[in-house]
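Reviewing the structure listed below.
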There are 2 protein chains.
Amino acid sequence: MSARDTLLDAYGAILLENGQRATTLSAVAARAGVSKGGLLYHFTSKDALTEGLIDRLDELMAEDITAMRAAPDGPSRYYVRTSVWTDCALDRTLVAVAQLAQESHTGAQEVMDRARRQWLELIRKEVSEEATAHAILLIGDGLYFDAALSGNPGSSREDAITAAELLPVVDRLLAGAQD
Amino acid sequence: MSARDTLLDAYGAILLENGQRATTLSAVAARAGVSKGGLLYHFTSKDALTEGLIDRLDELMAEDITAMRAAPDGPSRYYVRTSVWTDCALDRTLVAVAQLAQESHTGAQEVMDRARRQWLELIRKEVSEEATAHAILLIGDGLYFDAALSGNPGSSREDAITAAELLPVVDRLLAGAQD
DNA sequence: GTCTATACGGGGATAGAC
DNA sequence: GTCTATCCCCGTATAGAC
């Protein structure tokens, strides 16, 4: 794995677990196993580091949209299924960048906006009724919100909802919107 | 309005609009129209300031739970209705404290957890089916997530969903869970 | 490609005047 | 009750050795 990727992993992990304030250059460097100077060789500034993470999210989102479009059980079910926390690269990067977006980082806000628009577009193809499509999108948002709040989403709470429990509800929403 | 309340308003507003990193003592003091020293007379440290905001959320939540319990259209509809951004004190404080929770602030995480548990408990009284109750809770979470992401939720986007559009979907969920 | 040393600014907090 | 002045620490970034 490239040094750049290792550093982005460390940055994302700290962002996810302890929030923006904890993402000092020394903390990121230490977690990646290099010194501050070493970090600044690969990313010339902290801004460059955040741009790197945003670019990574853009790539992961492109993959996700492709998979969602091809999902055998349909985009809505795919979307809700994959919004439940699975600790995958997209989950982690998305919640990390969401933190940046909340700190008014324009680039982060734009990529989050783009992500939600792309998801909604695919859900709409399956669910003609506008409000239902939005409700499904909101359920996914809610799942990410929970993950973001918990700080350490890996240690899922005992009362966390599972995809298996949630999908029948999505099915009912889909069926109800068909009339 | 007391000086304390004015300062908490300023702190919450900056947290909401620009994120934790922007909430320096000088910025909060300036927004409240006092000096740094003036602020530190009312709140002896930055921690005291955040505790103040968390206490405020606790009070607002108690009011909200009372109103939700007495809502004529039922707790679920009340919950979704009021989760749509209305720029009220609870909305603003909740999203502000959510930011603190994401920065691993224990007190903030606890009050957010408490809030979600209380909401879920009341929704459960109306919706016996567990997954549906969770789905309704998640729709509210999603609405708060959107508000948090936008940075300045006051300036609602044109594509934002309204309560009027969302409530029929909630009704269908309630009806579907009755069988 | 990675390190140490250092410069510089900003944020939190105290002391004390008014 | 609110202000200014000041201190110290820490975070970002640069310079230059290895």
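A, B, ... follow the sequence lines: proteins, then strands. Residue 1 opens every chain.
Taking every side-chain heavy atom of B:Val34 into account, D:dC3 is the closest of D:dC3, D:dA13, C:dA13. Set against C:dT2, D:dT12, C:dA13, the side chain of A:Ala3 has C:dT2 as its closest nucleotide. You'll find that the side chain of B:Ser35 is closest to D:dT4, out of D:dT4, D:dT14, C:dT2. Relative to the side chain of B:Thr24, the nucleotides C:dG12, D:dG11, C:dT2 differ in distance, and C:dG12 lies closest. Comparing C:dG12, C:dT2, D:dA13 against the side chain of A:His42 picks out C:dT2 as the nearest.
Going from atom CG of B:Leu39 over to atom P of C:dG12 covers 10 Å, rounded to whole Å. Straight-line distance from the CZ atom of A:Phe43 to the P atom of D:dT14: 16 Å, rounded to whole Å. If you take NZ of A:Lys36 and P of D:dA17, they are 20 Å apart, rounded to a whole angstrom. The distance from atom CZ of B:Arg4 to atom C1' of D:dG1 is 14 Å, rounded to the nearest whole Å. Atom CG in B:Leu49 sits about 10 Å away from atom P in C:dA13, given to the nearest Å. Across the protein-nucleic acid pair, A:Gln20 atom CD and D:dC10 atom P stand 20 Å apart, rounded to whole Å. The NZ atom of B:Lys46 sits 14 Å away from the C1' atom of D:dC10 (whole-angstrom rounding).
A:Ser26 comes within 4.0 angstrom of no nucleic acid atom, judged by non-hydrogen atoms across all strands. Counting non-hydrogen atoms under 4.0 angstrom, A:Leu40 reaches a base of the nucleic acid. Using a 4.0 Å heavy-atom cutoff across all strands shown, A:Arg21 reaches sugar-phosphate atoms only and no base atom.
Between B:Tyr41 and the phosphate of D:dG1, there is a side-chain N or O to OP1/OP2 separation shorter than 4.0 Å.
Not a single donor-acceptor pair under 3.5 Å links the side chain of A:Glu126 to the backbone N or O of A:Ile123. Between the side chain of A:Thr44 and the main chain of A:Leu40, no donor-acceptor pair closer than 3.5 Å is present. Under a 3.5 Å cut-off, the side chain of B:Thr66 and the backbone N or O of B:Ala62 do form a donor-acceptor pair.
Judged purely by distance below 3.5 Å, without hydrogens or angles, the side chains of B:Gln109 and B:Thr106 never pair a donor atom with an acceptor atom. For B:Trp119 and B:Asp64, the side-chain atoms include at least one donor-acceptor pair closer than 3.5 Å.
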